[in-house]
K.L.:
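Just passing along the structure, written as structure tokens.
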Amino acid sequence: MAQFLQVLLSGLSTGSIYALAAIGFTLVWQAAQTVNFAQGEFVMLPAFFVLIGVHWLGMPLWLALIFGLILSMIVLGLLFKVLIVEPMLPNGGLPLIIATMALSILLKEGTKQFYGAEAQPYPGLFPQATMTLGGAVISVQDVMNLLVSLAIVVGLTLFLNRTRTGRCMQATAQSPAVAEILGVNTRRMVLYAFLINAALAALASFLISPIYLAKFSNGENLGLIAFIAAIIGGFNQIRGAIAGGLLIGVLDNLTATYITAEYRAAIPLILLIAVILWKPEGLLGTSEGRNV
Amino acid sequence: MARFRYPALVLLGLAALILAPRGEGNYIIFIFTSWLTYSIAAMGLNLTLGYSGQISLAQASFMGIGAYITALLTLAGLPWIVGMLAAVAATFVVGLALGFPALRVKGHFLAFVTLAFNTLFFLVARNEDWLTGGNYGLSGMPRPNLIFASTMKNLPFYYFTLGVFVVAAALMWWIVHSPWGRAFKGLRENPVRAESLGVDTTRLTLLAFAIGSAYGGLAGALVSPLVQYIDPGSFALGISLKILLMVVVGGAGYFYGPMLGAAIVILLPEVLRFTEGYYLMIYATAVIVLMVFSPRGLMGLGERLWHRLTRPARQVRADMAGGAQL
């Protein structure tokens, strides 16, 4: 029982970080109908921005984190939209997908060339301590990761539902034409979605890198999981992405502990295929009502 | 004269392919042979992507299935042709089984399902040591023994591969130009219209995907005796991306697009060897730029330049005009 609690908690903790990346994925999908195959690299890269801040520019950690966040929003949000997504929108969906795949190679190889192929130690945000709760040994880092990601998700939901800008963003996502008629600056709303995606990816990066270390190839797995979490939860729902992320985090840990370590990576994939078979709109998603 | 121009060009191309490896070293011949092999796989993906408009990210796993089946059967002493037929049949069936659920749902679910499938295939190939040799893979596959010649040397094996390639390409040519192939195109250009004209779009897309997968299996059947060593890493998701990029860079939906794309993806690392580690970065940047300026790949770019020189362009790809839809 104690072991089960430990496994569950650490699953929820990594799952909540996956959820952050998956939400970003969903936002960009809603705003610009863009499937970003470089999402994993978007989570890999900000950790290196922080390392550059700390090691090359001599910043204290807190300043480096802010530096990393802002740089991510500029590079992975603004520049991604202006340089890659916008010029390609008139060409249709397929070239853009291919371009994001190429972008993922570019970011990965670029990081490898300029920062090295070895995993870099990454400063943790929380103490590496553990505490005992009802016989279960719980890592403080796991608890804090879970709390911080949940706080980010709650904040984001409040922003989207309670503020004028957030509602405008939702309107833009649902029907750009109608939103435009009602006086919403849709271009700006789409830009916000890209900026928020970059920020979420950066935050996920800051939380997960102390666990996985900062490595150029981290994105391969993270991107796939964010992707799967978004789909099984429901591609067009934020709460779907959260549920999907948590579910994968927990299942992954449970399988690795109790069933098979060799095939732990297969679980999300099988889940993905099962969801597409039986409930293609996702566990919490609503059908988009598009037939063709 | 115009009637004979096209067949003459094809014959010229064939002659070039026959003469190209004469007097070259083993390494160059190996590169040429793997270009032919990847061209077959890319041709299959082109049917799925370029003609019926669905993204598949599992072409490498189909190559893998074909390669492992051929390897296991030829290592067991059966002739290559049996292994090849088994590989093609198996990949066709797997393609059907994989495509059926994914294509029931509209949208690009095939991309996601195939992505998951390729990763699953990699895991199975790595973990099931008793069958696949695990990380160490399988090695020492014999090369096919033809009645009139052995293909143990590299040059005869090149000609053998060329023969298979020509047959596969001719078959593809026939598929694309049959009423079927026209239906594929109709599907890509305007699915609603195709459906309203009585085309069973789901069945056709599924068929295109299964045939494309079988081409992957055929390419795998050639990889096995070519490299004589296979391991899970040779068929990972990254290789599927590579094959996808071949099709797109060459020009999806053009008959010769995948061959051009495969040539570039295979030969470019040799040409750009002096850039060392920067090769992939240069390549990725080039792909992004190409997608911005010519989403129809190099064939599309060439066609546009050609039309600018000769006559005004006609619109070939109506699906590219609709804006982002995925």
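Order of the sequence lines sets the chain letters (A, B, ...), proteins ahead of strands, with each chain counted from 1. Basis for what follows: all heavy atoms, side chains included, without hydrogens, waters or symmetry-related copies. On a predicted model such as this, the values are computed, not experimentally measured, just so you know.
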K.L.:
Heavy atoms, side chains only, cut-off 4.5 Å: are A:M88 and B:F293 in contact?
P.N.:
no
K.L.:
So what's closer than 4.5 Å to chain B heavy atoms on A:L224: side chain, backbone, both or neither?
P.N.:
side chain
K.L.:
Considering only heavy atoms, which portion of A:L103 lies under 4.5 Å from any heavy atom of chain B: side chain, backbone, both, or neither?
P.N.:
both
K.L.:
Answer yes or no: is there a side-chain heavy-atom contact under 4.5 Å between B:L241 and A:F37?
P.N.:
no
K.L.:
With side-chain contact (heavy atoms from CB on, under 4.5 Å) as the test, pick out the partner of A:I98 among B:V248, B:V247, B:I288.
P.N.:
B:V248
K.L.:
Below 4.5 Å, heavy-atom pairs only: which of A:A266, A:P87, A:P268 has the largest tally toward chain B?
P.N.:
A:A266
K.L.:
Side chain, backbone, both or neither: which part of A:I231 has an atom under 4.5 Å from a heavy atom of chain B?
P.N.:
side chain
K.L.:
Roughly how far, to the nearest 0.5 Å, is the OH atom of B:Y283 from the CG atom of A:L106?
P.N.:
13.0 Å
K.L.:
Quick one: of B:V124, B:L290, B:L98, who has the most non-hydrogen atom pairs under 4.5 Å with chain A?
P.N.:
B:V124
K.L.:
At what distance, to the nearest 0.5 angstrom, does NZ of A:K112 lie from CG of B:L280?
P.N.:
7.5 Å
K.L.:
Do you know which two heavy atoms are closest between A:Y263 and B:N127, and how far apart they sit?
P.N.:
OH-CB, 3.6 Å
K.L.:
Starting at CG of A:L107, measure out to CE of B:M281 and round the result to the nearest 0.5 Å.
P.N.:
9.0 Å
K.L.:
With side chain to side chain contact (heavy atoms under 4.5 Å, CB included) as the test, would you mind laying out the steps for B:L245 and A:I105 before giving the verdict?
P.N.:
CA-CA 12 Å; B:L245 286 176; A:I105 298 175; 4.1 Å; yes
K.L.:
As an exercise, state the distance from CD1 of A:I228 to CG of B:L115, rounded to the nearest 0.5 Å.
P.N.:
7.0 Å
K.L.:
Which distance, rounded to the nearest 0.5 Å, do you find between the CD of A:E109 and the OH of B:Y279?
P.N.:
10.0 Å
K.L.:
When heavy-atom pairs shorter than 4.5 Å are enumerated against chain A, which of B:V287, B:V249, B:L120, B:T119 gives the highest number?
P.N.:
B:L120
K.L.:
For A:A102 versus B:A284, what's the shortest heavy-atom pair and its separation?
P.N.:
O-CB, 3.2 Å
K.L.:
Counting only heavy atoms closer than 4.5 Å, note whether B:F122 contacts chain A via side chain, backbone, both or neither.
P.N.:
neither
K.L.:
Using a 4.5 Å cut-off on heavy atoms from C-beta on, say whether the side chain of A:M101 contacts that of B:L244.
P.N.:
yes
